Asker: 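Got a structure for you, written out below as structure tokens; questions coming shortly.
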Amino acid sequence: MFESISPAPPDAILGLTDAFKADTNPRKINLGVGVYKDESGQTPILTAVKKAEARLLEKETTKSYLPISGAQAYALGVQELLLGEGHALISEGRIQTAHTPGGTGGLRVGGDFLKKFRPDASIWVSNPTWANHKAVFQASGFTVKEYDYYDAAHQSLDFDAMLEALSTVPAGDVVLLHVCCHNPTGVDPRPAQWEKIAEVAEVAGWFPFFDFAYQGFGTSVEADRFPLELFAGKNLEFGVAASFSKNFGLYNERTGSFSIAGQEKAAVEAAFSHVKTVIRSNYSNPSRHGGAIVEEVLGDPALRQEWLEELDTMRDRIKELRTALVEGLSARGIDRDFGFIAEQNGMFSFSGLTPEQVKTLKEQNSIYIVGSGRINVAGINRDNLNPLCDAIAAVMD
């Protein structure tokens, strides 16, 4: 069997990381992979996480299986993070949450569940979107289509085109929406624009599926969840895949969730029973450690506050790096305004670099950037900022 199998193409982003690791240039710069890095270039373990882990080690008494959907305390903590403590969806039992292997696992569980009850539906993703979205939903059996999103000429949201496209999505289809810190562009709708998106969803009748991978990296934990609160306030059914890789730094713990919310408790519970059958036939039940960390941090006021302060520090550092990059490029007299980079949200930016320029930066300067020109701003630090700006200025001459 194996003799007749041709190699699969390498993952565009993870393959870039492999090439970076093999590069012997001591001045190499990795702006490709989507992980937060501190000033020393390390992906740190948050202090609140380390404290939670110490507590778990001390009080853990069993390694027995979790329920199919994970611990109930974890589900409640996630729901309160997504919607706010005391939200009606929570108190009335109209939201149910499963602990999944990362945000990607949440997307796949959601895709498999939705395909089961919308077998003829298509799923719509933004153009552009995270590179793995299409593969995940195609693996669930969906036909993946695109709606307009980004205006490359002005490095901004093409909101009129987006709204027009969403208004034509057939009732019953699924629309994937990035809650905040859009990957890969860093461009998000404003609150007033989210209001119009919700109105279109209400009229058109498609199912909103939110990808919430970066809560707290936009404006704040509370402000970033505005779209979910908005759709909940309109009493719309929706799904949410959340990730704690970035905001808790739990990348290799693969900790995430899939939630469904609706109008009636009984209907949501019935639907969630099928979410559990999807999980049972896939990975059976979740790994405990990452979820227990999140549960411990969110359940302790002091740890939660410490985590929020660390999250604020990460977010503020990224915003400072955006400004520093814009100023550095401007100081080199580049005949182009890169001010849009400072206006974007989260770790990622569509830099406007062409595939040819990206290739040159890699070959001549060992600077690794995704071919689309998407850069991970968190990969910049005070040691590599000037070499990076010099190299970009050179390829733009």
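No hydrogens, no waters, no symmetry mates; every other heavy atom, side chains included, goes into these values. The shown structure was predicted, so the numbers you read here are calculated from the model rather than taken from an experiment.
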Asker: Just verifying a value: how many Å separate K319 NZ and L321 CG, rounded to the nearest 0.5 Å?
Answerer: 12.0 Å
Asker: Nearest 0.5 Å, please: how far is CD1 in I293 from CD in E295?
Answerer: 11.0 Å
Asker: Go through it in stages, so that I can follow the logic: the residues are E53 and K50, the test is side-chain contact (heavy atoms from CB on, under 4.5 Å), and I'd like the CA-CA distance, side-chain angles, deciding distance and then a yes or no.
Answerer: CA-CA 5 Å; E53 287 185 305; K50 292 293 284 186; 3.8 Å; yes
Asker: Any chance you could lay out the side-chain contact (heavy atoms from CB on, under 4.5 Å) test for N235 and R94, step after step, and finish with the verdict?
Answerer: CA-CA 10 Å; N235 211 22; R94 294 188 289 114; 3.3 Å; yes
Asker: Using 0.5 Å steps for rounding, measure from the CG atom of L325 to the CD1 atom of I380.
Answerer: 4.5 Å
Asker: Show which side-chain atoms of residues 236-243 pair as donor or acceptor with protein atoms under 3.5 Å away, not counting sequence neighbours.
Answerer:
unit_1: S243; atom_1: OG; unit_2: S245; atom_2: N; d: 3.1
unit_1: S243; atom_1: OG; unit_2: S245; atom_2: OG; d: 3.4

Asker: List the atom pairs, with distances to 0.1 Å, where a side-chain N or O of residues 197-214 and a protein N or O form a donor-acceptor pair under 3.5 Å, not counting sequence neighbours.
Answerer:
unit_1: W206; atom_1: NE1; unit_2: L166; atom_2: O; d: 2.9
unit_1: D211; atom_1: OD2; unit_2: H133; atom_2: NE2; d: 2.7
unit_1: Y214; atom_1: OH; unit_2: N183; atom_2: ND2; d: 3.2

Asker: Answer yes or no: is there a side-chain heavy-atom contact under 4.5 Å between K196 and L163?
Answerer: yes
Asker: With a 4.5 Å cut-off on side-chain heavy atoms, are Q155 and V187 touching?
Answerer: no
Asker: Verify the distance criterion only: is there a donor paired with an acceptor across the side chains of H87 and E229 at less than 3.5 Å?
Answerer: no
Asker: With side-chain contact (heavy atoms from CB on, under 4.5 Å) as the criterion, how do Q215 and L81 come out once you've worked through the C-alpha distance, each side chain's angles and the decisive distance to 0.1 Å?
Answerer: CA-CA 9 Å; Q215 186 173 6; L81 199 57; 3.7 Å; yes
Asker: Please determine whether ring pair (Phe, Tyr, Trp, His ring centres under 6.0 Å) holds for the pair H274 and F113, giving the CA-CA distance in whole Å, both sets of side-chain angles, and the decisive distance to 0.1 Å.
Answerer: CA-CA 7 Å; H274 291 276; F113 163 71; 7.4 Å; no
Asker: Could you check P184, P128, S126 and say which one makes a side-chain contact (heavy atoms from CB on, under 4.5 Å) with Y150?
Answerer: P128
Asker: Verify the cluster assignment for I260 and L89: are they in a single hydrophobic cluster under the rule of side-chain heavy atoms below 4.5 Å apart?
Answerer: no
Asker: Using atom types as modelled and distance alone, determine if a side-chain donor or acceptor of R118 lies under 3.5 Å from a backbone N or O of D173.
Answerer: no
Asker: Heavy atoms, side chains only, cut-off 4.5 Å: are V294 and T255 in contact?
Answerer: yes
Asker: Pairs under 3.5 angstrom only: tabulate donor-acceptor contacts from the side chains of residues 69-80 to other protein residues two or more places apart or in another chain.
Answerer:
unit_1: Y74; atom_1: OH; unit_2: G256; atom_2: O; d: 2.7
unit_1: Q79; atom_1: NE2; unit_2: T97; atom_2: OG1; d: 3.1

Asker: Taking all atoms of both residues into account, what is the closest heavy-atom pair of M314 and N247, and its distance?
Answerer: CE-O, 4.1 Å
Asker: Between R315 and E320, is the closest basic N to carboxylate O distance under 4.0 Å?
Answerer: no
Asker: Once rounded to the nearest 0.5 Å, what's the spacing between atom CD1 of I367 and atom CZ of R27?
Answerer: 10.0 Å
Asker: For a 4.5 angstrom cut-off between non-hydrogen side-chain atoms, does Y36 reach N376?
Answerer: no
Asker: Under 3.5 Å, is there a donor-acceptor pair between the side chain of Y147 and the main chain of V169?
Answerer: no
Asker: Once rounded to the nearest 0.5 Å, what's the spacing between atom CG of N384 and atom CD1 of I29?
Answerer: 4.0 Å
Asker: Run the numbers on W307 and F248 for ring pair (Phe, Tyr, Trp, His ring centres under 6.0 Å), then give the verdict.
Answerer: CA-CA 8 Å; W307 166 66; F248 275 83; 4.3 Å; yes
Asker: Are any of the side-chain heavy atoms of T47 and E310 separated by less than 4.5 Å?
Answerer: yes
Asker: Any side-chain heavy atom of V33 within less than 4.5 Å of one from L16?
Answerer: no
Asker: Whether the R317 and N381 side chains hold a donor-acceptor pair (N or O, under 3.5 Å, no angle test) is what I'd like checked.
Answerer: no
Asker: Name all residues meeting the ring-ring contact (aromatic ring centres under 6.0 Å, His included) criterion together with W124; count only those two or more places apart in sequence or in a different chain, and write none if there are none.
Answerer: none
Asker: Does atom NZ of K115 have more than 12 heavy-atom neighbours, drawn from other residues, nucleotides or ligands, at distances under 6.0 Å?
Answerer: yes
Asker: Test of understanding: with salt bridge (charged side-chain N to carboxylate O under 4.0 Å, His left out), list the residues that count as partners of E306, not counting sequence neighbours.
Answerer: K51
Asker: Is it true that atom NZ of K28 has more than 12 heavy atoms of other residues, nucleotides or ligands lying nearer than 6.0 Å?
Answerer: yes
Asker: May I have the step-by-step check of side-chain contact (heavy atoms from CB on, under 4.5 Å) for D148 and D158, ending in yes or no?
Answerer: CA-CA 7 Å; D148 293 327; D158 192 347; 5.5 Å; no
Asker: Under 3.5 Å, side chain of Q193 to main-chain N/O of R190, donor-acceptor pair present?
Answerer: yes
Asker: Do the side chains of V268 and I95 get nearer than 4.5 Å, heavy atoms only?
Answerer: no
Asker: Please confirm whether the backbone N or O of Y251 pairs with a side-chain atom of R254, one donor and one acceptor, at under 3.5 Å?
Answerer: yes
Asker: Within a reach of under 6.0 Å around CD of Q263, are more than 12 heavy atoms found that belong to other residues, nucleotides or ligands?
Answerer: yes
Asker: Applying ring pair (Phe, Tyr, Trp, His ring centres under 6.0 Å) between H182 and each of F350, Y149, F217, W130, report the one that passes.
Answerer: Y149
Asker: Measure across G290 and L250 and return the closest heavy-atom pair with its distance rounded to 0.1 Å.
Answerer: O-CD1, 3.8 Å
Asker: Starting at CG of D188, measure out to SG of C180 and round the result to the nearest 0.5 Å.
Answerer: 6.0 Å
Asker: Verify the cluster assignment for L228 and F272: are they in a single hydrophobic cluster under the rule of side-chain heavy atoms below 4.5 Å apart?
Answerer: no
Asker: For the residue pair N345 / R322, report whether a side-chain donor-acceptor contact shorter than 3.5 Å exists.
Answerer: no
Asker: Compare every heavy atom of K362 with every heavy atom of A19, then report the nearest pair and how far apart it is.
Answerer: CB-NZ, 4.3 Å
Asker: Keeping the roles fixed (side chain from T360, backbone from E356), state whether a donor-acceptor pair exists under 3.5 Å.
Answerer: yes
Asker: Using a strict threshold of under 4.0 Å (side-chain N to carboxylate O), is an ion pair present between K265 and E92?
Answerer: no
Asker: Is it true that atom NZ of K234 has more than 12 heavy atoms of other residues, nucleotides or ligands lying nearer than 6.0 Å?
Answerer: yes
Asker: Taking CZ in R382 as the centre, count heavy atoms belonging to other residues, nucleotides or ligands within less than 6.0 Å. Is the count above 12?
Answerer: no
Asker: Please set out all donor-acceptor pairs under 3.5 angstrom arising from side-chain atoms of residues 135-144, sequence neighbours excluded.
Answerer:
unit_1: S140; atom_1: OG; unit_2: R108; atom_2: NE; d: 3.3
unit_1: S140; atom_1: OG; unit_2: D112; atom_2: N; d: 3.4
unit_1: S140; atom_1: OG; unit_2: D112; atom_2: OD1; d: 2.7

Asker: When you group the ILVMFWY residues by side-chain heavy-atom contacts below 4.5 Å and let the links chain together, are L388 and V377 in the same group?
Answerer: yes
Asker: Salt bridge between E296 and R55, side-chain N to carboxylate O under 4.0 Å?
Answerer: yes
Asker: Would you find more than 12 non-hydrogen atoms of other residues, nucleotides or ligands less than 6.0 Å from E164 atom CD?
Answerer: no
Asker: Answer yes or no: is there a side-chain heavy-atom contact under 4.5 Å between D151 and L157?
Answerer: no
Asker: Check whether any side-chain N or O of S351 sits under 3.5 Å from a backbone N or O of G373 as a donor-acceptor pair, and report yes or no.
Answerer: yes
